[in-house]
Amino acid sequence: MKVIYTRTIGVYDDKLSEAMEISKGLAEVRKKHYPDHEVYFSFQIGGNPRTVRETLVGEQFTDKAFENDQNMSADPKYIELQKKMKNVFKEGTIKDEMRVIFND
């Protein structure tokens with residue numbers, strides 16, 4: 001089943017450049033473990049620009065997708081980047097959304 005998964009997370013006002021660097025690293029790791037998916041990291045312009053959004057488009061809920069997720073979670077670079085997120089991304093601001101694509 002093809003889905004659009006998004007995760008939006010708040011960033012401290014003075015940490016946007018650090019958040020963008022961390023996000024670039026997360027995008028590399030995500031692309032490594034999900035090579036058949038579209039992977040995007042973006043930040044908002046206008047309104048509250050202090051958020052970063054990850055968007056992943058592709059097949060989910062398959063054995064391969066679950067395996068990809070496990071492998072990514074165990075990747076040393078991913079673990080390192082997760083640690084760097086502290087004091088850059090605002091704890092408690094994560095919003096996840098998953099939408100099923102039905103016209104593909």
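Quick caveat, the model's predicted, so the values are computed rather than measured.
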Fill in: Point-to-point distance, once rounded to the nearest 0.5 Å, from OG of S23 to OH of Y40
16.0 Å
Item to complete: Mark yes when over 12 heavy atoms from residues, nucleotides or ligands other than M1 sit less than 6.0 Å from its CE; otherwise mark no.
Response: no
Worksheet entry | Shortest non-hydrogen contact between N87 and K15, atoms and distance | O-CE, 3.6 Å
Discussion item. Going by side chain to side chain contact (heavy atoms under 4.5 Å, CB included), E67 matches just one of D63, D69, N71. Which one?
Written reply: N71
Practice prompt. Decide yes or no for K95 and T51: does some side-chain heavy atom of the first lie under 4.5 Å from some side-chain heavy atom of the second?
Written response: no
Worksheet item: What is the distance from atom CZ of F43 to atom OG1 of T8, rounded to the nearest 0.5 Å?
Response: 14.0 Å
Fill in: Heavy-atom pair with the smallest gap, counting every atom of L81 and G25
CD1-C, 3.4 Å
Worksheet item: Is the side chain of Y34 donor-acceptor paired with the backbone N or O of G58 at a distance under 3.5 Å, no angle test?
Response: no
Worksheet item: Going through the checks in order, is the side-chain contact (heavy atoms from CB on, under 4.5 Å) test met by V11 and K90?
Response: CA-CA 5 Å; V11 176; K90 293 181 181 177; over 6 Å; no
Discussion item. Quick check against the 3.5 Å criterion: does H37 have a side-chain atom that pairs as donor or acceptor with the backbone of E59?
Written reply: yes
Worksheet item: Taking all atoms of both residues into account, what is the closest heavy-atom pair of I79 and A74, and its distance?
Response: CD1-O, 3.9 Å
Worksheet item: For the hydrophobic clusters of this structure (ILVMFWY residues joined by side-chain heavy atoms under 4.5 Å, transitively), does one cluster hold both L26 and I4?
Response: no
Practice prompt. Measure the shortest side-chain to side-chain distance between K64 and D36 over non-hydrogen atoms and say whether it is less than 4.5 angstrom.
Written response: no
Item to complete: Identify the two heavy atoms, one from Y12 and one from R50, that lie closest to each other, and give their separation to 0.1 Å.
Response: O-CD, 4.4 Å
Worksheet item: Below 4.0 angstrom, N of the basic side chain to O of the carboxylate: do E28 and R30 qualify?
Response: no
Item to complete: Take I101 and V57, measure what side-chain contact (heavy atoms from CB on, under 4.5 Å) needs, and give me the verdict at the end.
Response: CA-CA 9 Å; I101 297 172; V57 181; 4.0 Å; yes
Worksheet item: Is there a side-chain contact between H33 and D75, using heavy atoms and a 4.5 Å cut-off?
Response: yes
Discussion item. What's the separation between atom NZ in K2 and atom CZ in R99, rounded to the nearest 0.5 Å?
Written reply: 16.0 Å
Worksheet entry | Distance in Å, K86 NZ paired with I22 CD1, rounded so as to fall on 0.5 Å steps | 13.0 Å
Item to complete: Please step through side-chain contact (heavy atoms from CB on, under 4.5 Å) for the pair V3 and F61, ending with a clear verdict.
Response: CA-CA 9 Å; V3 302; F61 308 112; 4.1 Å; yes
Worksheet item: What residue among K83, K77, K84 forms salt bridge (charged side-chain N to carboxylate O under 4.0 Å, His left out) with E80?
Response: K84
Discussion item. Could you check whether any side-chain N or O of E54 sits under 3.5 Å from a backbone N or O of F41, counting only pairs where one atom can act as donor and the other as acceptor?
Written reply: no
Worksheet item: Under 3.5 Å, is there a donor-acceptor pair between the side chain of S73 and the main chain of Q70?
Response: no
